[in-house]
Amino acid sequence: MAIVTKEKTPPREAPLSNKSLIGWLRLNLFSSVFNTILSIVTLYIIYITAEGLLVWGVIDAVWIADTRRACFAINLDGACWAGIISWLDNIFYGRYPREELWRINLGFFLLVIWMAPLWLPRVKAKVTIGLTTVFLYPFLAGYLFAGGDKGIFMQIMYSAAILCLTGNTLHAVIGVVTGKGLPEFLMKFIGKSAVSEKGQRNILFGILGICFAAIYILQMGSSLESVTWTKWGGLFLTFVISGVGIASALPGGIILALGRRSKLPIIRVLSTAFIELFRSVPLITVLFMATTMFPLFLPEGFVLNKLTQVIIAVCLFNACYMAETVRAGLQAIPNGQYEGAHTIGLGYWGTMGFIIMPQALKHMIPNIVGSFIGILKDTTLVSIIGLFDILGMLRSISRDTPWLGLHKEPLVFGAMLFFLICFAMSKYSRRLETKLSTDHKN
Amino acid sequence: MTDLNTQITQSADQQLVSAASNEVIIDLSKVNKWYGTFHVLKDIDLVVHKGERIVVCGPSGSGKSTLIRCINHLEEHHEGNIVVDGITLDKNLKHIDHIRTEVGMVFQSFNLFPHLTILENLTLGPIWVRKMPKAEAEANAMMYLERVKIPEQADKYPGQLSGGQQQRVAIARSLCMNPKIMLFDEPTSALDPEMIKEVLDVMVELADTGMTMIVVTHEMGFAKTIADRVIFMDDGDIVEENEPNAFFNNPQHERTKLFLSQIL
């Protein structure tokens with residue numbers, strides 16, 4: 001017997017759940033008696049917590065006052081944000097000379113300028129831009145922050161960084177406007193686009209050399225006043241330590257992870273020992289060791305300041321953690337990928353650089369960003385060994401005479417600040433993951 | 001499966017004209033290999049001439065995949081000599097790298113690079129190993145994509161393609177390196193039946209161009225069509241070696257007879 005459907009079935013409206021707020025509420029929060037009770041209790045707990053916080057932090061809070069006593073005079077039960085506001089500069093910049101603050105602001109602004117092309121859609125050569133950020137920006141920022149006399153090495157790196165920043169920015173602007181790269185545009189501009197690839201490269205190197213020389217000569221005339229590291233502090237110091245830690249963790253981790261998987265026994269054993277040593281010791285111990293032990297290993301008369309020691313310790317520590325993350329990523333890559341790469345003639349570095357690492361790192365983005373967030377939070381430990389990073393600064397508010405005993409507000413403020421930064425990082429990592437996904441699993 | 005085999009035999013109808021010359025391109029002598037204590041290749045002797053097309057068959061675990069993987073040193077042999085295109089495979093990494101640029105290989109599981117587009121998959125080797133200018137490498141890649149009949153997929157990622165399409169991309173990727181020899185390690189075993197034909201068609205066309213090919217496969221129709229020689233392996237030995245007509249119609253060894261009776 002044949003079954004024939006003569007009439008089309010007319011479309012009906014979607015069921016309640018997907019359509020309205022009430023439908024959603026009923027299905028998800030009040031679907032059964034137990035569920036309803038649970039929802040009401042939870043909502044009540046959220047309400048009393050949030051209400052308390054709101055009354056303390058906003059409604060009863062005092063925003064303008066000169067001392068903590070004045071705060072109490074206005075409202076005894078509210079938060080005294082006036083203390084935070086009067087300390088804001090200290091919280092962000094530490095004891096950095098107030099007339100030199102523009103250097104810090106400029107430094108971070110330049111970082112934004114440097115990295116902005118990475119987010120612009122039509123710009124090419126993003127890997128190169130990323131690499132220059134990691135390897136050249138620290139010199140530019142380092143000089144801006146520290147100032148003083150430039151050694152010959154510093155002069156070269158400083159000039160290179162400026163050249164690179166200018167090039168990057170031009171490249172990005174041209175990319176957005178025309179969709180071309182800077183080299184291509186330059187060739188067309190000076191009318192040499194028909195020259196062979198090698199000839200074009202020579203011309204480009206020529207232009208690069210002339211620009212470098214010009215910048216080098218220009219920068220010789222200028223110098224910035226020296227600001228010693230003891231004056232660095234606050235969020236600025238936290239960003240410096242964790243920034244260097246984050247920037248060096250990934251390259252260091254990749255090298256250590258490759259070392260641990262090396263076929264050469266000596267490299268493998270050394271890498272493994274190094275990784276395991278640092279991973280089995282708490283960071284605070286590493287920090288204490290760094291400040292007391294490093295001087296013993298250094299040649300006589302060679303003195304490292306405490307900040308440098310701390311930064312080196314943070315870098316080594318985090319590189320070891322990153323190494324294990326990278327290694328996990330490497331282990332997730334099937335053998336066939338190595339074989340595929342070998343059969344098109346790629347050697348070890350080609351296979352790793354083009355095929356294995358990009359995939360491994362992509363798999364590990366959530367873990368890598370997780371480590372980055374960990375690094376940012378862990379650097380607050382340096383306040384224990386006497387550096388005034390953001391936590392150190394927040395805690396010294398309570399020792400300042402007008403604000404004596406102001407403990408709660410600074411810590412709440414610090415928590416909110418950290419939450420904002422870390423939440424932004426983790427959100428960004430989720431976006432990056434979706435963007436880089438080429439698996440098409442769904 | 002039998003349907004498909006007859007189909008292919010009929011479509012090509014007669015055996016392709018052999019392109020084999022007298023020039024030796026692969027020479028294996030007394031090759032031995034162990035996996036742990038398991039003796040997987042036993043005193044293998046094999047000479048392949050330029051332009052020759054060889055099909056290797058045999059039950060699983062017989063060492064046929066290992067044999068061709070030794071030829072481009074994906075597996076290391078322990079004893080004996082392997083000479084490919086005049087170069088002896090030894091510990092010297094330069095020799096290995098050189099041989100790998102001359103020998104293309106296609107795998108059962110494709111092994112395309114999932115993070116690169118099809119075009120990037122095809123141009124990576126030519127640009128970085130052969131040092132070819134990018135524009136030339138891309139034109140070359142598009143030419144090979146035309147040949148495997150999927151030029152419209154160039155900008156997609158491997159994950160967006162069907163198995164048959166992926167395997168054809170893998171063949172094109174090897175061809176882009178302009179190899180002298182092509183190795184196929186069960187290229188159709190992971191494919192749905194209707195996709196097997198599209199891959200085999202590409203391979204028949206490739207055979208037609210005079211490429212030296214060694215194919216490990218269970219597609220006996222394909223073997224009849226293109227092979228100059230069929231090699232039957234069992235337990236690490238080359239048990240029987242003959243031209244296809246004689247091999248299929250008049251097998252000599254008991255084990256060959258048993259194998260053919262099971263598979264045909």
Side-chain angles (χ1 to χ4, degrees), chain A residues 124-128 180-181 183-184 187 193-202 262-264 329-330 332-365 432-442, chain B residues 68-69 71-75 93-94 96-118 120-136 156-161 169-170 172-179 181-183 185 190:
Chain A
K124 291 174 182 169
K126 289 192 177 161
V127 176
T128 320
K180 286 194 184 99
E184 211 181 330
M187 283 304 130
S193 49
V195 182
S196 74
E197 245 177 71
K198 204 177 168 194
Q200 292 197 2
R201 210 175 303 154
N202 289 342
S262 167
K263 282 190 183 130
L264 305 171
L330 288 175
I333 307 298
N335 222 1
Q337 291 293 312
Y338 291 89
E339 291 179 354
H342 289 331
T343 48
I344 59 166
L346 291 174
Y348 178 79
W349 294 109
T351 306
M352 283 299 168
F354 293 122
I355 309 301
I356 307 301
M357 262 315 156
Q359 294 187 61
L361 295 182
K362 211 169 71 184
H363 284 309
M364 299 315 281
I365 286 174
L432 203 61
E433 237 175 288
T434 351
K435 203 177 136 200
L436 292 180
S437 163
T438 54
D439 294 352
H440 308 285
K441 278 175 192 154
N442 304 314
Chain B
I68 69 166
R69 287 162 63 88
I71 292 173
N72 67 349
H73 206 265
L74 285 182
E75 301 285 352
L93 287 178
K94 281 214 175 103
I96 296 170
D97 282 346
H98 182 82
I99 284 174
R100 280 175 179 165
T101 60
E102 303 297 345
V103 181
M105 183 153 188
V106 176
F107 301 88
Q108 181 178 348
S109 51
F110 326 136
N111 293 349
L112 294 177
F113 309 130
H115 63 302
L116 301 177
T117 63
I118 300 304
E120 287 166 343
N121 263 280
L122 265 60
T123 53
L124 187 68
I127 290 175
W128 293 99
V129 181
R130 291 264 192 239
K131 311 282 180 220
M132 203 186 267
K134 198 176 171 209
E136 193 186 330
K156 290 194 181 164
Y157 286 94
Q160 294 166 295
L161 269 55
V169 171
R173 180 175 73 181
S174 291
L175 292 177
C176 277
M177 290 296 289
N178 200 11
I181 304 160
M182 284 287 283
L183 307 174
D185 188 2

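Predicted model only: the values in this text are computed from it and were never measured. In what follows, chains carry the letters A, B, and so on, assigned in the order in which the sequence lines appear, proteins first and then strands, with residues in each chain numbered from 1.
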A.B. asks: Does B:His115 use its side chain to pair, donor to acceptor, with the backbone of A:Leu436 at less than 3.5 Å?
C.D. replies: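 Such a contact is absent between B:His115 side chain and A:Leu436 backbone.
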
A.B. asks: When rounded to the nearest 0.5 angstrom, what is the spacing between CG in A:Leu346 and CG in B:Asp97?
C.D. replies: 9.0 Å

A.B. asks: Does a sphere of radius 6.0 Å around NZ in A:Lys126 hold more than 12 heavy atoms from other residues, nucleotides or ligands, not counting ones at 6.0 Å or beyond?
C.D. replies: yes

A.B. asks: Which atoms of B:Phe107 are under 4.5 Å from chain A, going by heavy atoms: the side chain, the backbone, both sets, or neither?
C.D. replies: side chain

A.B. asks: About how many Å separate OG1 of B:Thr123 and CD1 of A:Ile344, when rounded to the nearest 0.5 Å?
C.D. replies: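 Going from the CD1 atom of A:Ile344 to the OG1 atom of B:Thr123 covers 9.0 Å.
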
A.B. asks: Heavy-atom pairs under 4.5 Å with chain A: which of B:His98, B:Met177, B:Glu102 has the most?
C.D. replies: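 Max contact count across the listed options: B:Met177.
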
A.B. asks: Find the one option among B:Arg69, B:Arg130, B:His73 whose heavy-atom pairs under 4.5 Å with chain A are most numerous.
C.D. replies: B:Arg69

A.B. asks: Are A:Thr343 and B:Asn111 close enough, and set up right, to give a side-chain contact (heavy atoms from CB on, under 4.5 Å), and what steps lead you there?
C.D. replies: CA-CA 10 Å; A:Thr343 48; B:Asn111 293 349; over 6 Å; no

A.B. asks: Does any heavy atom of chain A fall under 4.5 Å from the side chain of B:Leu112, the backbone, both, or neither of them?
C.D. replies: backbone

A.B. asks: To check you understand the geometry: which heavy-atom pair defines the closest contact between B:Arg173 and A:Gly340, and what is its length?
C.D. replies: NH2-CA, 3.9 Å

